[in-house]
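As structure tokens, the structure follows; a few thoughts come after it.
By convention in this document, chain letters (A, B, ...) are assigned in the order of the sequence lines, proteins followed by strands, and residues within each chain are numbered from 1.
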Amino acid sequence: RKEVEQDPGPFNVPEGATVAFNCTYSNSASQSFFWYRQDCRKEPKLLMSVYSSGNEDGRFTAQLNRASQYISLLIRDSKLSDSATYLCVVNGERTTDSWGKFQFGAGTQVVVTP
Amino acid sequence: DARVTQTPRHKVTEMGQEVTMRCQPILGHNTVFWYRQTMMQGLELLAYFRNRAPLDDSGMPKDRFSAEMPDATLATLKIQPSEPRDSAVYFCASGLGRRTAQTHTDTQYFGPGTRLTVL
């Protein structure tokens, strides 16, 4: 079983609609959580960090559920430019001298259609 | 606008040849990561450094891969000898390497990648 799992999609979303998807992680000691966006043949770019209380950035809302060990991303009022692959990133338990292991999910593809 | 830079952007080589990829992290960042991305495996962490010291290279095939940071502005990843299965996009990322209760400064910033094809 992979440490970070995502539904690969694709999620086909009409422009203006809302889409949400989850990412599950297996290491209960994980401390940091992120969503990255990756466009085709480009590098991953930070979309948002995921705080324990949940956070919102414009049309994007991220939530963390430690009890069930998943994070979610919700995109409201989808734009054509939101079409991308969304990578879930979890940073595992950190020792005093180490960052811990960053684990990337395989990504969820979102396709926003006109 | 500070960015991670990587060279070369594209590399085509023949099996058995040495390949060297270079990365310039964002100035002031103390942690550098090397990743490999393929369609089949997704994004895999190969190695990472903090303050130029290797912290973890367990994701890297030791017999043919090596990673170094000769100085704070340069990280290198070498493959010798290269094999067709090494064909992938290799990303370098850098970060600040600390986190507080208020901030997530362990955010990573990725370079544009080196697209390697080994024939």
Relative to chain B, which of A/Arg41, A/Lys45, A/Lys42 shows the most heavy atom pairs under 4.5 Å? A/Arg41

When you look at [atom1] of [X], are more than 12 heavy atoms from neighbouring residues, nucleotides or ligands closer to it than 6.0 Å?
{"X": "A/Glu15", "atom1": "CD", "result": "yes"}
{"X": "B/Leu27", "atom1": "CG", "result": "no"}
{"X": "B/Arg3", "atom1": "CZ", "result": "no"}

With rounding to the nearest 0.5 angstrom, report the CG to CD distance, B/Leu43 to A/Glu43.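 Answer for the CG-CD pair, B/Leu43 versus A/Glu43, is 11.5 Å.
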
Pairs involving residues 20-56 of chain B, ordered by first then second residue, that meet disulfide bond (SG atoms under 2.5 Å apart) (sequence neighbours left out): B/Cys23-B/Cys92

Hydrophobic clustering (ILVMFWY, side-chain heavy atoms < 4.5 Å, transitive) - are B/Met60 and A/Phe104 grouped together?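 Shared cluster, no.
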
Are A/Phe11 and A/Ile75 connected in the hydrophobic side-chain network, where two residues link if heavy atoms are under 4.5 Å apart?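 Cluster IDs for A/Phe11 and A/Ile75 match.
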
Taken in chain and number order and not counting sequence neighbours, the residues that satisfy side chain to side chain donor-acceptor pair (under 3.5 Å) with B/Gln37 are A/Gln38

Show every salt bridge (Lys or Arg N to Asp or Glu O under 4.0 Å) that has at least one partner inside residues 36-46 of chain B, sequence neighbours left out. B/Arg36-B/Glu44

Looking only at heavy atoms, which of residues 73-80 of chain B get nearer than 4.5 Å to chain A?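 Not one residue of residues 73-80 of chain B has a heavy atom under 4.5 Å from chain A.
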
State, with a plain yes or no, whether a side-chain heavy atom of B/Tyr35 is found less than 4.5 Å away from one of A/Pro44. no

Going through the checks in order, is the side chain to side chain contact (heavy atoms under 4.5 Å, CB included) test met by B/Gln108 and A/Phe34? CA-CA 10 Å; B/Gln108 299 176 60; A/Phe34 307 87; over 6 Å; no

